[in-house]
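Just so it is clear, the model here is predicted, and its values are computed rather than measured. Values below: every heavy atom of this structure, side chains too, minus hydrogens, waters and symmetry copies. Just follow the structure's listing: the first ligand is 1, and inside any ligand the first atom is 1.
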Amino acid sequence: MSYTIALNFEDGVTRFIGCKAGETVLDAAYRQKVNLPMDCSDGVCGTCKGHCEQGEFDMGDEYLEEALSDEEAAEGQVLTCQMVPSTDCVVQVPVASSLCKTAVGKVEGTVAVVEPLSEDSIELAIDLDDGAELAFLPGQYIHIDVPGTAEHRSYSFSSLPGEKRATFLIRNIPNGVMSGYLTERAAVGDRLTLTGPLGSFYLREVKRPVLMLAGGTGLAPFLSMLEQLVEKGCDAPIHMIYGVNKDDHLVKTDALDAFAEQLPGFTYTTVVVDEESRNPRKGYVTHHMDAGVMHDGDVDVYLCGPPPMVDAVLKHFDEQGIVPQSFHYEKFTPNQAPGEAA
Ligand SMILES: Cc1cc2nc3c(=O)[nH]c(=O)nc-3n(C[C@H](O)[C@H](O)[C@H](O)COP(=O)(O)OP(=O)(O)OC[C@H]3O[C@@H](n4cnc5c(N)ncnc54)[C@H](O)[C@@H]3O)c2cc1C
Ligand code: FES
């Protein structure tokens, strides 16, 4: 029996390790050449402290209160030198990956599909080389090198981890470096290099209602999260508000309809900015967050999209005094300032 432990470092790098039954996370990490912070290895110093975001484990009772207080343990903090997992786990490690002599992974693959979904977005599917199936947490992203340039861009997976084919939903930005490659030069069979996975925007264990707020291609990570919920089974109420600028920018609604059939608690609504839109809901996502979707604050909120949309939602929450149980967001921040495009 072995469990998969995702180690999430402070710099956003994630490394996956196998942990044998009865083995501590610290020992498993060392066996796989990830030098997690440690000193005593005996539950005394507290140097190996991290935070378990997901999963079950046993910490025994051999460690000292000075190393980990009862309050810290109740908040989910762990000593990796004492932590023996009994399921797959996600552990946040409060140092940069480089300090643990580990680094982000690199994989190669071949373009399998590159096609426009609308004037605004492109679907990219990459068949990863044999043995390069990628472990990541649904919601995370990866860097993709832009062929023929020294540039890379970040993209959230829209597919499930561990699959041969990784898919992405990419906004077509006029004169963009990646957009230019995808619309003008990319062809099935092109070789691509990917570096990752990265990021702390991933689906946590679903313990209460979830609100998903997606702007444009910010839909991508939610597709991966929802796939995983279908795979695992979930009947919690999950509502998505998916906003775009124009009617024909709404994509993948067939996939959302399928999720609504497969997940008993999943519903979604669409919102379109364009005043001429045929959509029943016009304006911005923030105009359509009625009280019902907030469950009196007993809700985990996930927000992803271009910076103006993410900023608008953050401002709205702030002004309305909305404080959900947990709040996670990913901003699709551009690499270049507007006007700097090559
Ligand atoms: C963590 C993370 C995850 C991301 N995931 C995704 C994803 O799943 N799908 C996706 O489509 N994008 C995603 N992005 C954005 C993506 O990395 C690129 O920034 C985007 O695709 C533009 O790349 P480009 O090379 O085509 O354009 P660039 O050459 O980078 O930019 C060209 C010009 O357009 C401007 N520009 C760039 N983005 C925007 C924007 N959103 N609005 C207005 N102007 C802009 C730039 O400032 C520049 O002037 C993500 C970004 C981050 C940081
Ligand atoms: S290394 Fe000292 S408490 Fe874990």
Side-chain angles (χ1 to χ4, degrees), residues 12 24-27 29-30 35-50 59-60 62-69 72-73 77-83 93 117-118 120-124 136 138-159 166-184 186 195-202 214-224 244-245 249 251-252 304-311 328-342:
T24 66
V25 170
L26 185 74
D27 286 346
Y30 269 78
N35 299 352
L36 291 180
M38 62 85 83
D39 191 359
C40 68
S41 165
D42 228 6
V44 174
C45 67
T47 307
C48 65
K49 209 178 284 175
M59 284 270 293
E62 300 283 298
Y63 64 89
L64 297 189
E65 166 84 11
E66 285 75 11
L68 186 78
S69 69
E72 290 173 320
Q77 298 209 46
V78 291
L79 298 173
T80 58
C81 73
Q82 304 296 303
M83 174 184 179
V93 182
L117 291 177
S118 71
D120 182 56
S121 63
I122 302 158
E123 181 155 57
L124 173 66
F136 61 88
Q140 285 194 302
Y141 69 96
I142 197 156
H143 290 160
I144 304 180
D145 290 357
V146 187
T149 75
E151 308 261 341
H152 68 258
R153 295 289 182 264
S154 311
Y155 295 104
S156 310
F157 293 92
S158 57
S159 51
T167 62
F168 304 90
L169 196 55
I170 300 185
R171 180 161 168 206
N172 181 7
I173 292 177
N175 304 319
V177 174
M178 181 60 97
S179 303
Y181 162 70
L182 292 174
T183 53
E184 291 157 23
T195 313
L198 295 155
S200 54
F201 183 75
Y202 56 84
T217 51
L219 180 66
F222 294 116
L223 296 174
S224 178
V244 295
N245 288 328
H249 294 179
V251 298
K252 294 280 175 191
C304 182
M309 179 261 185
V310 172
D311 290 340
H328 314 274
Y329 65 89
E330 184 88 279
K331 257 189 208 185
F332 284 179
T333 312
N335 292 57
Q336 310 177 32
E340 279 181 16

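No side-chain heavy atom of Thr24 sits under 4.5 Å from any side-chain heavy atom of Cys81. The side-chain heavy atoms of Phe168 and Phe157, taken from C-beta on, include a pair separated by under 4.5 Å. Put simply, the side chain of Thr47 does not reach to within 4.5 Å of the side chain of Cys40, judged on heavy atoms. Within the 4.5 Å cutoff, side-chain heavy atoms of Met59 are placed close to those of Leu68. Between His152 and Thr195 the shortest side-chain heavy-atom distance does not fall below 4.5 Å. Side-chain contact between Asp120 and Arg171 is present, with at least one heavy-atom pair separated by less than 4.5 Å.
The Tyr141 neighbourhood of ligand 1 comprises atoms 1 (C), with distances under 4.0 Å to a heavy atom of that residue. Which parts of ligand 1 touch Glu330 is read off a 4.0 Å heavy-atom cut-off, strictly below it: atoms 1 (C). Within ligand 1, counting atoms from 1 as listed, the ones closer than 4.0 Å to a heavy atom of Ile170 are 11 (O). Close approach of ligand 1 to Arg171 is summarised as follows: ligand atoms under 4.0 Å from at least one heavy atom of the residue are 10 (C), 11 (O), 40 (C), 41 (N), 42 (N). Listed by number with element, the atoms of ligand 1 under 4.0 angstrom from any heavy atom of Val177 are 24 (P), 25 (O), 26 (O), 27 (O), 28 (P), 29 (O). When each atom of ligand 1 is checked for a heavy atom of Lys331 under 4.0 Å away, the hits are 52 (C), 53 (C).
Closest approach of Ser159 to Ser224, counting heavy atoms only: O-OG, 2.7 Å. Nearest approach of Gly46 to Leu79, heavy atoms of both residues: CA-CD2, 4.0 Å. The two residues Ile122 and Leu182 have their closest heavy-atom pair at CD1-CB, 3.9 Å.
When atom types are taken as modelled, the side chain of Glu330 and the backbone of Cys304 share no donor-acceptor pair closer than 3.5 angstrom. A donor-acceptor pair under 3.5 Å is absent between the side-chain atoms of Ser156 and the main chain of Pro221, judged by distance alone. Using modelled atom types, one side-chain atom of Thr80 and one backbone atom of Cys48 make a donor-acceptor pair closer than 3.5 Å.
For Tyr155, heavy-atom contacts with ligand 1 shorter than 4.0 Å involve the backbone as well as the side chain. When heavy-atom distances to ligand 1 are checked against a 4.0 Å cut-off, Leu169 comes that close only through its backbone atoms N, CA, C and O. In Ile173, the part holding a heavy atom less than 4.0 Å from any atom of ligand 1 is the side chain.
Checked against a 3.5 angstrom limit, the closest N/O atoms of Arg153 and ligand 1 fall inside it. For Ser156, a nitrogen or oxygen atom sits less than 3.5 Å from a nitrogen or oxygen atom of ligand 1, counting backbone and side chain alike. No N or O atom of Phe332 sits closer than 3.5 Å to an N or O atom of ligand 1. Checking only distances, Ser154 does come within under 3.5 Å of ligand 1, N or O to N or O.
Distances under 2.8 Å from atom 2 (Fe) of ligand 2 pick out the protein N/O/S atoms Cys40 SG, Cys45 SG.
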